[in-house]
Structure formats: C-alpha cells, structure tokens
Amino acid sequence: MLSQVYRSITIGAVVTIASIVGFSATAQAQVKVDGSSTVFPITEAAAAAFQKSSGQKVTVGISGTGGGLKKFCNGETDISNASRPILEKELKLCKEKGIKFIEIPVAMDALTVVVSPQNNWVNNLTVDQLKKVWDAGSTVKNWKEIDGSFPDAPLKLFGPGADSGTFDYFTEAINGKAKKSRTDYTGSEDDNVLVQGVSRDKNALGYFGFAYYQKNNRRLKAVKVNGVEPSLANVTNGSYRPLSRPLFIYVNADSAKNKQPVKSFVESYLNGASGFASKVGYLPLIDQVYSVSKKHLSEGKTGTRFAGKEPTNLKMEDLVKMEPKD
C-alpha cells in the first residue's frame, strides 16, 4: 500500500487523493484515462480543471502509449494518452474488440535529447551520431566512440521503455524503424525515472518529451540535434527535425456518446487545450486543429489519419487537412 501511495504522489494529485482516503480510484472514477507519460502532464492539467469545475472524478494513469492503447482497445479505459498515432496492431485489436475511437491531437512536442549539466563536452549531436549510439546492435559504450574529441568516459544510456510512444517515435525518426533499438540501456515508461537517472550521472545520455526537460532544466542540459536546439519556437518554424511531433488523446466513441462525464471532460479538455499545453511546456496547436477536433467529437467522427503508420516531420497544418478513416 505504501508503494502504491508513493507512486500516486509522484504522478499527480488526481490519483493521490483517491489512494489516501482508501477507495479505489478506478472503481469510483467517472472518466478513466491511461497511456503516455509524455501526454500525462497535459491531461493531468485538464483533469484537475474539470474536477474542480464539475466535481466529477478523472483518473489518469501512466502505462506508456502502447500499454495504454492495449487497455483502451480492450475496453478498460475511456481515453488513452498517446505520444504517437495508433499503430496497425492496435487498430487490429480495437477492431477485434469492437472499439471505435475519435482521434484528437492536443499539442506539439520537441522530443529532447538530454545530458547532465556536469557534462561539459557535448552541446550538439547529429542524427547519424544518435543512430550510431541507439541503433539495434550498437556496441558504443564510451563517449569517445561517438566523437574523437569527447573524453574517454563510459556512456550510460537512459530511454523510454518498449511500451512508450516516445520510444516508437524516436526509433522511427533516428534509426529508421519503430522499435529498432539497442536494448542494453535503462528504460522506463515513466519519464520522471529517466530525468532522475540522467541528472545524477555525468556520463549519462537520454531522451524524452520537452515538457519534462523544461520542468527540470536546472537538473538537465538539452543537446542540439543537427545544430538546432529543442524549443517550441523551432517546432513552430519547422527547423527542429526530425524530433518534433504531435501528441494525441484517443477517445472511446461509445463512451463519448453514452457517458456524459466523458463527453463533458473531452469538451472541457479541448476548450482549454491551448492553455493546458502551454502551462506544462508543450506547444499549443493552431486553432483550426482544435476546431476540427470539436467537430469530430460532436459528430462522433471515428478513425485515424495515419492508417496505422508512424509518420515523422508532420506540421500542424497537416492535421487540419488529413481526414480520419476507420
């Protein structure tokens, strides 16, 4: 019980209260959310605002994008946070279980490569260097193997676990194929664990969502990629490539239609999405994207824009033009 309460405290007050008073948050919740730790801060902010205004309970878990979508497609949750689009295997599972969904983009992220502030030798890495480190079968274990000017020092790697959408996106963008990665690193679906690991080790290298870097920027140093620093401005102008990406929530269409708290929460989420994204350190989408999502919610428009694929280098405008399909 103590470990469960501690876990709840580390991920936010929404679950903490339920744990402390001794009832099951999941059983009592009117809206059940799980999934990406990257999207978690936005949804947590939306949940806190909705609970305050409505008095209705929202639980938000962290199982990673893959873990969350597995629960979602099994009908265990109403909403799934995702740091990449739903993939073919998840589409298949949802279809088998009869789960239709509404795909809602909520923000843009600058996926960020980080080191400890004690690291005084690296400020920039190329995509080729990152691939050299992270590709499947890589044997790079020393900083000097990345660049001859770097010190002879052991390389300690931290990254998202295999259920993470950030893992899927990074490996697609850097290594050329989703999930194609070396496995000998410290992995976790909880970005807070990665923050702690990198910040405490001078020789560490890791990656995760921009909001977690921004929240911990005194404990971490961001690394430029191909000479471009991760920033919301560089996501906006399109120069931070290939690690800028959209973030999503997936809403169970039946829950949105037949559970008023779910529909009301998603409406509240979309009405405040720009502010929630900004508050926690992500880039809000342009108004047209949120308007399209509101229309899709009201009409019950189901499906995905991406046909189960993992696109990279998407721009906000693309999300307006692309039409979801079942």
Side-chain angles (χ1 to χ4, degrees), residues 3 6-16 34-45 60-68 81-84 107-120 122-123 125 130 133-134 143 153-171 174 181-182 184-225 229-232 235 240 243-245 247 276-283:
S3 62
Y6 176 77
R7 167 67 174 168
S8 298
I9 290 170
T10 63
I11 65 172
V14 173
V15 187
T16 304
D34 207 326
S36 165
S37 63
T38 301
V39 183
F40 172 83
I42 313 173
T43 302
E44 182 189 35
V60 186
I62 297 178
S63 296
T65 297
N81 293 329
S83 60
R84 46 89 175 150
M108 292 290 289
D109 178 29
L111 203 162
T112 307
V113 178
V114 294
V115 294
S116 164
Q118 300 176 60
N119 181 319
N120 60 5
V122 62
N123 295 302
L125 291 170
L130 288 170
V133 170
W134 285 101
W143 279 97
L155 176 66
K156 306 289 184 64
L157 296 175
F158 293 83
D163 275 338
S164 167
T166 300
F167 172 79
D168 291 339
Y169 189 91
F170 182 89
T171 50
I174 299 300
S181 174
R182 68 188 299 168
D184 56 338
Y185 69 94
T186 301
S188 175
E189 277 72 26
D190 186 344
D191 290 340
N192 289 302
V193 173
L194 306 180
V195 168
Q196 291 179 19
V198 175
S199 65
R200 293 174 179 174
D201 194 326
K202 181 179 181 179
N203 296 314
L205 175 72
Y207 65 91
F208 39 73
F210 183 75
Y212 285 88
Y213 160 69
Q214 193 164 25
K215 184 179 179 181
N216 298 279
N217 59 16
R218 294 184 179 181
R219 303 168 59 195
L220 298 164
K221 184 173 80 170
V223 177
K224 294 177 182 178
V225 176
E229 68 177 340
S231 72
L232 302 186
V235 172
Y240 189 65
L243 295 181
S244 61
R245 57 176 177 165
L247 306 175
F276 299 140
S278 295
K279 179 181 178 181
V280 301
Y282 291 120
L283 180 68

Should [X] and [Y] count as side-chain neighbours, where that means a heavy-atom distance under 4.5 Å?
| X | Y | answer |
| --- | --- | --- |
| V225 | V113 | yes |
| F210 | L283 | no |
| L205 | V198 | no |

Residue pair [X] / [Y]: nearest heavy atoms and the distance that separates them:
| X | Y | answer |
| --- | --- | --- |
| Y169 | L243 | CE2-CA, 4.2 Å |
| Y207 | L111 | CD1-CD2, 3.7 Å |
| L194 | G159 | CD2-O, 3.4 Å |
| S83 | S36 | CB-OG, 3.6 Å |
| Y212 | T38 | CE1-CA, 4.0 Å |
| Y185 | F158 | CD1-C, 4.2 Å |

Any donor-acceptor pair under 3.5 Å linking the side chain of [X] with the backbone of [Y]?
| X | Y | result |
| --- | --- | --- |
| R182 | V133 | yes |
| K221 | N119 | yes |
| T112 | A110 | yes |
| D34 | S63 | yes |
| E229 | K224 | no |
| N217 | L220 | no |
| W143 | N203 | yes |

Can you tell me how far apart [atom1] ([X]) and [atom2] ([Y]) are? Round to the nearest 0.5 Å.
| X | Y | atom1 | atom2 | value |
| --- | --- | --- | --- | --- |
| L130 | I174 | CG | CD1 | 5.0 Å |
| F276 | T43 | CZ | OG1 | 10.0 Å |
| K202 | S116 | NZ | OG | 8.5 Å |
| T186 | Q196 | OG1 | CD | 12.5 Å |
| S37 | N81 | OG | CG | 9.5 Å |
| K279 | E44 | NZ | CD | 8.5 Å |

Tell me which one of V280, D190, D191, V60 satisfies side chain to side chain contact (heavy atoms under 4.5 Å, CB included) with F40. V60

Results of side chain to side chain donor-acceptor pair (under 3.5 Å) for R219 - residues two or more places apart only: S199, N216

Would you say the side-chain atoms of R84 and T166 include a donor-acceptor pair closer than 3.5 Å? no

How about S181 and T171: does a side-chain donor come under 3.5 Å of a side-chain acceptor? no

One pair to check against side chain to side chain contact (heavy atoms under 4.5 Å, CB included): V195 and V193. What are the steps and the verdict? CA-CA 5 Å; V195 168; V193 173; over 6 Å; no

